[in-house]
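Chain identifiers are assigned alphabetically (A, B, ...) following the order of the sequence lines, protein sequences preceding nucleic acid strands; residue numbering begins at 1 within each chain.
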Number of protein chains: 2
Amino acid sequence: MAQKNRLQYIVLGLLNIESRTGYDLTKAFDSDIGEFWSANHSQIYPLLKKMEQENLISHHEVQVGTKLVKKSYDIMSDGKKIFNDWLEEPSEIDSSHDEFILKLYFIDDKKPELLEKMVAEQLSARSDKLEHLNQQMRDKFPDQDKRQTQYGHYCVLKHAISRETDYIEWLKTI
Amino acid sequence: MAQKNRLQYIVLGLLNIESRTGYDLTKAFDSDIGEFWSANHSQIYPLLKKMEQENLISHHEVQVGTKLVKKSYDIMSDGKKIFNDWLEEPSEIDSSHDEFILKLYFIDDKKPELLEKMVAEQLSARSDKLEHLNQQMRDKFPDQDKRQTQYGHYCVLKHAISRETDYIEWLKTI
DNA sequence: TATGAACATGTAAATAAATACATGTTTTTG
DNA sequence: CAAAAACATGTATTTATTTACATGTTCATA
């Protein structure tokens with residue numbers, strides 16, 4: 001997909017925590033969320049405008065100093081609805097951006113049963129994937145021989161397996 | 001970046017191994033490379049056309065059955081040059097797509113000193129990143145308290161740390 | 001109190017990527 | 001041998017993302 005509007009969900013999730021400016025939202029991608037998703041301010045400001053037109057969010061103005069008026073955005077009921085719907089949908093395993101992690105970031109302690117369902121679902125999907133990767137390893141690199149002539153391929157597959165294994169171990173700690 | 005033309009390097013890397021059709025190239029993203037990068041055939045066919053115009057690749061025709069004529073693409077010297085130059089450049093840590101892994105995939109046994117340099121470089125960058133993540137953990141979640149009220153944030157950071165640790169361990173095995 | 005860093009908000013242009021549209025051939029298999 | 005699956009190659013449209021352009025304010029600090 002051209003990434004099914006996931007940035008919109010991130011914005012909603014962040015505004016669901018607290019009111020923020022476009023600048024605040026942009027900064028969120030420098031730390032936490034930046035580990036799993038990226039966005040520029042030039043993507044965020046137009047998106048905020050669009051989302052406000054669609055009544056998902058609104059803004060109030062905050063006076064700073066003598067001249068500057070910040071726009072602080074707030075989530076509205078329509079926004080809350082589509083955000084919560086997104087949380088309940090299954091997450092795609094995408095190998096680049098990680099949708100599950102995003103949802104996890106926004107899960108709060110009020111939804112333990114949703115968290116449990118999400119983790120179980122992801123655990124199942126990731127286990128299937130690991131199984132598939134192990135099968136590939138058995139098929140493509142059964143002996144030392146090909147591991148040397150196609151060393152790059154072997155390393156990459158080994159890393160994919162290592163990554164999935166680590167992911168699954170981490171899932172089990174949630 | 002709008003991903004600095006990395007798809008072009010992947011195509012060059014694959015054609016550097018052997019002559020392939022657009023369909024073959026597309027399929028490569030279903031397995032191995034698909035673990036770390038994605039592309040659709042609608043991206044690949046126009047790119048092949050463009051790269052041929054730029055003399056990076058050429059094609060020869062292969063008759064299949066009675067009617068079908070496949071186009072099989074071959075890398076040319078200009079293509080080889082820019083591919084090898086890319087291999088030598090430092091790889092960005094991007095948190096979504098993984099450029100280092102891509103390069104590793106294409107490294108062959110003829111370049112052990114380049115491999116060594118690449119791994120050392122990546123090890124250094126990843127270690128710095130892990131250090132930074134650990135610092136964040138110490139700053140944001142010093143005690144059990146905040147780990148519970150911001151459980152999602154905590155999990156995500158923990159996963160980033162786990163991921164980097166696993167990455168570094170894997171790097172050491174190369 | 002100057003000055004640089006960080007805050008703050010936008011738009012424009014270019015590139016990258018996904019989805020949908022379109023069409024036809026070859027191979028496998030029931 | 002019919003049908004389905006896989007092979008094969010494109011284009012068009014929409015969406016997503018990056019880089020660059022553009023401008024101004026506030027805050028910390030030397």
Side-chain angles (χ1 to χ4, degrees), chain A residues 1-11 14 19-31 33-34 36-54 57 59-73 92-97 99 102, chain B residues 1-11 14 19-31 33-34 36-54 57 59-73 92 94-99 102:
Chain A
M1 59 251 91
Q3 238 95 244
K4 288 183 195 153
N5 227 348
R6 292 210 183 87
L7 184 56
Q8 175 170 286
Y9 297 118
I10 298 171
V11 167
L14 289 168
S19 182
R20 292 173 210 238
T21 64
Y23 188 83
D24 293 335
L25 292 166
T26 303
K27 267 196 315 174
F29 292 89
D30 292 340
S31 54
I33 292 178
F36 301 99
W37 212 270
S38 60
N40 298 88
H41 80 274
S42 57
Q43 231 183 316
I44 288 169
Y45 285 107
L47 178 60
L48 287 170
K49 194 191 251 184
K50 179 176 159 270
M51 288 169 74
E52 188 163 35
Q53 277 164 8
E54 290 167 356
I57 59 176
H59 79 268
H60 63 275
E61 304 198 325
V62 179
Q63 184 87 31
V64 180
T66 51
K67 292 184 174 180
L68 188 60
V69 177
K70 291 199 295 190
K71 288 186 187 174
S72 195
Y73 286 87
E92 279 181 51
I93 297 179
D94 171 309
S95 93
S96 44
H97 284 128
E99 189 174 23
L102 282 185
Chain B
M1 60 248 98
Q3 239 95 245
K4 288 183 196 151
N5 227 347
R6 292 209 183 87
L7 184 56
Q8 175 169 285
Y9 297 118
I10 299 172
V11 168
L14 288 168
S19 181
R20 293 172 209 238
T21 65
Y23 188 83
D24 293 335
L25 291 167
T26 303
K27 266 197 316 175
F29 291 90
D30 292 340
S31 54
I33 292 179
F36 302 98
W37 213 270
S38 60
N40 299 88
H41 79 274
S42 57
Q43 233 182 315
I44 289 169
Y45 286 106
L47 178 61
L48 287 170
K49 195 190 251 185
K50 178 176 160 271
M51 287 169 74
E52 188 163 36
Q53 276 163 9
E54 291 167 355
I57 59 176
H59 79 268
H60 62 276
E61 304 199 324
V62 179
Q63 184 87 31
V64 180
T66 51
K67 291 184 176 179
L68 189 60
V69 178
K70 291 199 295 188
K71 289 185 187 174
S72 196
Y73 287 87
E92 279 182 52
D94 168 310
S95 93
S96 45
H97 284 128
D98 192 322
E99 189 175 23
L102 282 185

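- With rounding to whole Å, A:Leu7 atom CG is found 17 Å from C:dA17 atom P.
- Between A:His97 and A:Phe36 there is no side-chain heavy-atom pair separated by less than 4.5 Å.
- Here the side chains of A:Trp37 and A:Arg6 are in contact, with some heavy-atom distance below 4.5 Å.
- Within the nucleic acid shown, B:Ser42 comes within 4.0 Å of at least one base atom, counting heavy atoms only.
- Atom NZ of A:Lys67 and atom P of D:dC27 are 13 Å apart (whole Å).
- Checking D:dT9, C:dT25, D:dG10 against every side-chain atom of B:Thr21, the shortest atom distance belongs to D:dT9.
- For B:Lys4 and C:dT15, the shortest distance from a side-chain N or O to OP1 or OP2 is not below 4.0 Å.
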Inset, instruction - Carefully, step by step, assess A:Glu92 and A:Lys4 under the rule salt bridge (charged side-chain N to carboxylate O under 4.0 Å, His left out). - result: CA-CA 11 Å; A:Glu92 279 181 51; A:Lys4 288 183 195 153; 2.8 Å; yes
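- Looking at heavy atoms from C-beta onward, A:Ile44 lies in side-chain contact with A:Phe29 at the 4.5 angstrom threshold.
- For B:Gln43 (side chain) and B:Pro46 (main-chain N/O), no donor-acceptor pair under 3.5 Å exists by modelled atom type.
- If you find the closest nucleotide of DNA chain C to B:His41 and to B:Lys50, the one lying nearer the 5' end belongs to B:Lys50.
- Regarding contacts with the backbone of C:dA17, every side-chain N or O of B:Ser38 stays at 4.0 angstrom or more from both OP1 and OP2.
- At the phosphate of C:dT26, neither OP1 nor OP2 sits under 4.0 Å from any side-chain N or O atom of B:Lys70.
- For A:Tyr73, counting side-chain heavy atoms from C-beta on, the closest listed nucleotide (D:dT17, C:dG10, D:dT11) is C:dG10.
- Close to C:dT9, at under 4.0 Å from its OP1 or OP2, lies no side-chain N or O of A:Tyr23.
- Between B:Lys49 and the phosphate of D:dT11, there is a side-chain N or O to OP1/OP2 separation shorter than 4.0 Å.
- Note: CG (B:Asp24) to P (D:dC7) measures 9 Å, nearest angstrom.
- Side chain of A:Tyr45, nearest nucleotide from C:dG10, D:dT17, C:dT25: C:dG10.
- Residue A:Gln43 places at least one side-chain N or O closer than 4.0 Å to OP1 or OP2 of D:dT17.
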